[in-house]
Number of protein chains: 2
Amino acid sequence: MKQTISKPARERLIQLARLLEHIENDSRQFITSSEIQNLTGWSSYTIRRDISHLKTECSTKAGYDIVLLKNAIGAELGITEGVKKCCIVGLGKLGSALIDFDFGKSYKIVAGFDSSVNRTEILTAPFPLYPTGQMQNVIKQEGIELAILAVPGKVAQDVATKLAGFGIKGIVNYTSAILSVGEDAIVENISLIDALQKIASLHAKN
Amino acid sequence: MKQTISKPARERLIQLARLLEHIENDSRQFITSSEIQNLTGWSSYTIRRDISHLKTECSTKAGYDIVLLKNAIGAELGITEGVKKCCIVGLGKLGSALIDFDFGKSYKIVAGFDSSVNRTEILTAPFPLYPTGQMQNVIKQEGIELAILAVPGKVAQDVATKLAGFGIKGIVNYTSAILSVGEDAIVENISLIDALQKIASLHAKN
DNA sequence: CTTTGTGAAGCTATTCACAGCG
DNA sequence: CGCTGTGAATAGCTTCACAAAG
């Protein structure tokens, strides 16, 4: 079986790909593992091993070819494979702030949902907004794979369970709730309070 | 030397504390490690070991005392130690959406910054808004420890470097930039695109 | 001489298995 | 019995040290 890349390595490679994108236009062609170390803080050993998982020849005496490396990561991690359809669930302050967010080429918001019809009528977006009742239909019809969850914490688990039932494959969780969904869906937590507490706990220990 | 809790364990405990807070009012006193397993997906072994690091007696035959456990986590991770002052840097769509966010008791936003004076004058918030030029003064004077970074990606690294120079101890990075700051500051990344790509890469491999 | 790529070692985290306690 | 707590075993990740290549 094809050797699967470990989770930490995958996460670093995803970040690395974005980093490379940013420096792509700096008119440099190559980057070395120790330069990446300086930019990211990861050790050059780790970076070299991560890249070696890609099984691609994109290195020379001068380091890695920036564009080639970026493409290799994209290919291996399936980042560049077409456009994934997403929806925003919950259009309060946070959800509606994401309406104009730049999602790049690989992800496209095709729907927004809110329990308040008032909300869906007042807001304007480059994609249609629906009341929550239509989630199932729209998700099925559009073939939406990913959901960005920005509802109030109290209803987050309920909505997440529904989304998983409707065939959503991944949920980006902006709420402070800890979600459990079945095997079929993946949850990625993006909690501001979590992040603050991680930082605080590190300071407390040292 | 005091045995330090590993990073993964710390992150789980932080989430666990919040989970316990949510179920605190469900009129139950105890919870078992296998119930936590069902709610979170972490194995009961791991949960028991995590809790054992707290060196607290909060268990009985019926499981863990919910309130006692929550407090023990808070104490060990320094989550409950007073109020930490935070600021929001960058008051665009995303930054200003965080103005009304509920930060709980432990974190308090005491300032917002934006490079556009226009922006700081138009917006209203329960804390003062300043032009970026005043960052250093305000951070020093107020004793602000944490920053929430929501500026455009292109200037993120510059601003982060400045913040670290001004004595900020932790940055929650909402931008898509990969930041490197010195040893003194900690960065926690909260990138929507990162989250989407993590999910996508998992689907690609399985 | 510099930089990658990688077996081997070292370290960290998770899981197993079971003793101990209520 | 069911539950926690924990040594011991296992698995997973990172670092080291160095061979190979430009």
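Reminder, nothing fancy here: chain letters follow the sequence lines and each chain counts from 1. Note: hydrogens, waters and symmetry copies are ignored here, and every other heavy atom, side chains too, is used.
Contact detail for A:R119 and A:K93: the closest heavy-atom pair is NH2-N, 4.4 Å.
Under 3.5 Å, the side chains of A:Q157 and A:T161 contain a donor-acceptor pair of N or O atoms. A:E188 and A:N173 share no donor-acceptor pair across their side chains, judged by distance under 3.5 Å alone.
In this model, the phosphate group of D:dC13 is not approached by any side-chain N or O of A:R10 to a distance below 4.0 Å at OP1 or OP2. For C:dC16, one of the phosphate oxygens OP1 or OP2 lies less than 4.0 angstrom from a side-chain nitrogen or oxygen of B:Y45. The phosphate of D:dG12 has neither OP1 nor OP2 within less than 4.0 Å of any side-chain N or O from A:S6. Distances shorter than 4.0 Å separate none of the side-chain N or O atoms of B:S43 from OP1 or OP2 on C:dT14.
Counting atom types as modelled, A:R49 pairs a side-chain N or O with a base atom of D:dT15 as donor and acceptor under 3.5 Å.
Salt-bridge check for B:E35 with B:R28: passed, with a basic side-chain N closer than 4.0 Å to an acidic carboxylate O. A salt bridge is absent between B:R10 and B:D50: the closest approach of a Lys/Arg side-chain nitrogen to an acidic carboxylate oxygen does not fall below 4.0 angstrom. Taking 4.0 Å as the cut-off between side-chain N and carboxylate O, A:K169 and A:E145 do not count as a salt-bridged pair.
Of the candidate nucleotides C:dT6, D:dC13, C:dT14, C:dT14 has the atom nearest to the side chain of B:P8. Here D:dT4 is the nucleotide among D:dT4, D:dT14, C:dA17 with the atom lying nearest to any side-chain atom of B:T32. Here C:dT14 is the nucleotide among D:dT15, C:dT14, C:dT4 with the atom lying nearest to any side-chain atom of B:T46. Which of D:dG5, C:dT15, C:dT14 sits closest to the side chain of B:R48 comes down to D:dG5.
Atom C1' of nucleotide D:dC3 and atom CD of B:Q29 are separated by 16 Å, given to the nearest angstrom. Between the CD1 atom of B:I51 and the C1' atom of D:dT6 there is a distance of 14 Å, given to the nearest Å. Put simply, NZ on A:K7 is 15 Å from P on C:dA13, counting in whole angstrom units. Rounded to whole Å, atom C1' of C:dC16 lies 16 Å from atom CD1 of B:I47. Taking atom CG on B:D50 and atom P on C:dA13, their separation rounds to 10 Å, with Å as the unit. Atom-to-atom, NE2 of A:H53 to C1' of D:dC13 comes out at 10 Å; the value is rounded to the nearest Å. Taking atom CD of B:E35 as the reference point, atom C1' of D:dG2 lies 12 Å away to the nearest angstrom. The nearest whole Å value for the distance from the CD1 atom in B:I31 to the C1' atom in D:dG2 is 16 Å.
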Inset, instruction - Could you please spell out the steps behind the side chain to side chain donor-acceptor pair (under 3.5 Å) verdict for A:N189 and A:S191? - result: CA-CA 6 Å; A:N189 293 304; A:S191 158; over 6 Å; no

Legend entry - side chain to side chain contact (heavy atoms under 4.5 Å, CB included) evaluation trace for B:I47 with B:R12: CA-CA 8 Å; B:I47 294 158; B:R12 282 190 300 267; 5.9 Å; no

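Shown for residues 62-71 of chain B: residues whose heavy atoms fall under 4.0 angstrom of DNA chain D, namely B:G63, B:Y64.
Within the nucleic acid shown, A:S34 has no heavy atom closer than 4.0 Å to any nucleic acid atom.
Comparing A:S52 and A:K61 by the nucleotide of DNA chain C whose heavy atom lies nearest to each, the residue mapping closer to the 5' end is A:K61.
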